[in-house]
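Each remark here refers to the structure printed beneath this line.
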There are 2 protein chains.
Amino acid sequence: VGIINYPNKKTVFKSVTSYKNRGMVLEDDLNVTNEYYRVYDIAVIYKKPIPIQVVDVYYPARNKAVIKEAYYKTPSTTDYNGIFQGRYLDFEAKETSSMTSFPLKNINHHQIEHLNAIEKHGGIAFMIIAFQKLGEAYLVSMTLLNKYYQNQNERKSIPYKIIKENSKLIVSGYKPRLDYLKAVKELFFD
Amino acid sequence: VGIINYPNKKTVFKSVTSYKNRGMVLEDDLNVTNEYYRVYDIAVIYKKPIPIQVVDVYYPARNKAVIKEAYYKTPSTTDYNGIFQGRYLDFEAKETSSMTSFPLKNINHHQIEHLNAIEKHGGIAFMIIAFQKLGEAYLVSMTLLNKYYQNQNERKSIPYKIIKENSKLIVSGYKPRLDYLKAVKELFFD
């Protein structure tokens, strides 16, 4: 996926990259990528399970539990963490259908606080922001994120242009599908 | 909690430590301990949510989801991970009601593999094993764990005596309740 300079034109959808055509499903892409990293012993990174509050469980038989009532809880941390080249790594991944900006309401306050705490403790923290319709995903630094997050009285989103100019584009391909560790290496190891 | 040399005698239950009297609930103890570590900015360590497979969700109203059918999944990784003094840290915590040994059937194969992968990638990996009735918790190394895990044709448990002689006793107290990072420091940082 290359960088596209005319995000508002319809022709964008017709330009051919296999990645863009099948549509961006960020979570799937990250899951197969993380599996690739594990299989090839590059990194050990997992998506955390979704936090669920279980209210009622039914036992139709010994050792068999069926959850009959439960609710989704707000996550207090991020979706992904793990280890890469001896370093602790932690990130949140979000996608947007907007082609012009990333709305900050997509991130909750706990997640920003968590990522800042990780950075403070010597870990690698960032966000992956994907623009579905452009077929582009970026590794966004905490510096950029904090700057816009703390100025939400001014504007409630980060412009696409700003993200593009100040973040690493994540190269997508066949294997691994979304090689975000390449961007991590360039940003945090060089 | 001190070291008790007569685990089979009933008098053990009468010896007074507030910790033993209220009973050991390892998960609660670790949760309040991790909260303490976060509040005092010592480390950022969380318990991962329990993995649940959601089958049926009901929406009684917009933005309200009630899970009506779901099942517990076998975890592929460990329960706890995070960052401490710039290092990635990963562990599993288990308790047993046995006073003489820790049954290896309490650990699943994926968890051992995961912990070994973490160690290989430069992280800190271990297990916390708690003997409920003795009111003792130990930080057990992968070396000891692997030795017994790989010889299950010989015996299917690790003797209490072996754990006690080869592991760090985790000091319990008021704040933090179960100071396992003290044991981590002694084992991995000195």
Side-chain angles (χ1 to χ4, degrees), chain A residues 31 34-35 37-60 63-90 110 113-125 181, chain B residues 31 34-35 37-60 63-90 110 113-125 181:
Chain A
N31 286 344
N34 286 337
E35 206 187 324
Y37 290 150
R38 289 196 302 271
V39 168
Y40 288 92
D41 228 5
I42 294 161
V44 183
I45 300 161
Y46 280 93
K47 184 181 191 294
K48 289 177 211 161
I50 295 161
I52 288 171
Q53 177 75 50
V54 175
V55 172
D56 187 26
V57 185
Y58 166 64
Y59 294 88
N63 295 326
K64 205 189 162 193
V66 185
I67 298 162
K68 299 301 282 178
E69 188 187 351
Y71 299 90
Y72 292 106
K73 289 197 290 188
T74 308
S76 46
T77 66
T78 47
D79 276 353
Y80 300 87
N81 73 357
I83 187 168
F84 174 53
Q85 295 190 0
R87 301 275 309 270
Y88 177 92
L89 183 146
D90 200 305
H110 284 119
E113 279 185 338
H114 175 74
L115 288 168
N116 283 326
I118 294 306
E119 206 164 64
K120 193 178 164 191
H121 282 263
I124 294 170
L181 289 182
Chain B
N31 286 344
N34 286 338
E35 205 186 326
Y37 290 150
R38 287 196 302 270
V39 168
Y40 288 92
D41 228 3
I42 294 160
V44 184
I45 300 161
Y46 280 93
K47 185 179 190 297
K48 289 176 212 160
I50 295 161
I52 287 171
Q53 177 74 50
V54 174
V55 173
D56 188 26
V57 185
Y58 166 65
Y59 295 89
N63 295 327
K64 204 187 163 193
V66 185
I67 297 162
K68 299 302 282 180
E69 187 186 353
Y71 299 90
Y72 292 106
K73 289 198 289 187
T74 307
S76 47
T77 66
T78 47
D79 277 353
Y80 301 88
N81 73 357
I83 187 168
F84 173 53
Q85 295 189 357
R87 302 274 310 267
Y88 177 92
L89 183 145
D90 200 305
H110 285 119
E113 278 184 338
H114 175 74
L115 288 168
N116 284 325
I118 294 305
E119 208 165 62
K120 194 178 162 190
H121 284 262
I124 294 171
L181 288 181

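Every chain is numbered from 1 and lettered A, B, ... according to where its sequence line falls, protein lines coming before strand lines. Not measured: the values here are computed from a predicted model.
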Residue Ile42(B) versus chain A: region with a heavy atom under 4.5 Å: backbone

Greater than 12 external heavy atoms within 6.0 Å of Glu35(A)'s CD: no

Pair Tyr88(B) + His121(B): ring centers closer than 6.0 Å: no

Choice from Leu89(B), Asp41(B), Ile118(B) maximising heavy atom contacts with chain A below 4.5 Å: Asp41(B)

Minimum heavy-atom distance Leu115(B)-Asp90(B), with the two atoms named: CD2-O, 3.5 Å

Donor-acceptor contact below 3.5 Å, side chain Tyr80(B) vs main chain Asn34(B): no

Greatest number of heavy atom pairs closer than 4.5 Å to chain A - which of Val55(B), Val57(B), Thr77(B): Thr77(B)

Shortest non-hydrogen contact from Arg87(B) toward Ile124(B): NH2-CG1, 3.5 Å

Closest approach of Asn31(A) to Lys47(A) (non-hydrogen atoms, all atoms of both residues): OD1-CB, 3.9 Å

Side chain / backbone / both / neither for Lys73(A) at chain B, heavy atoms under 4.5 Å: neither

Interchain contact, Asp56(B) with chain A, by part (heavy-atom threshold 4.5 Å): neither

Contact leader toward chain A among Ala117(B), Gly122(B), Ser76(B), Pro75(B), where contacts are heavy-atom pairs under 4.5 Å: Gly122(B)

Part of Ile50(B) within contact of chain A (heavy atom distance under 4.5 Å): backbone

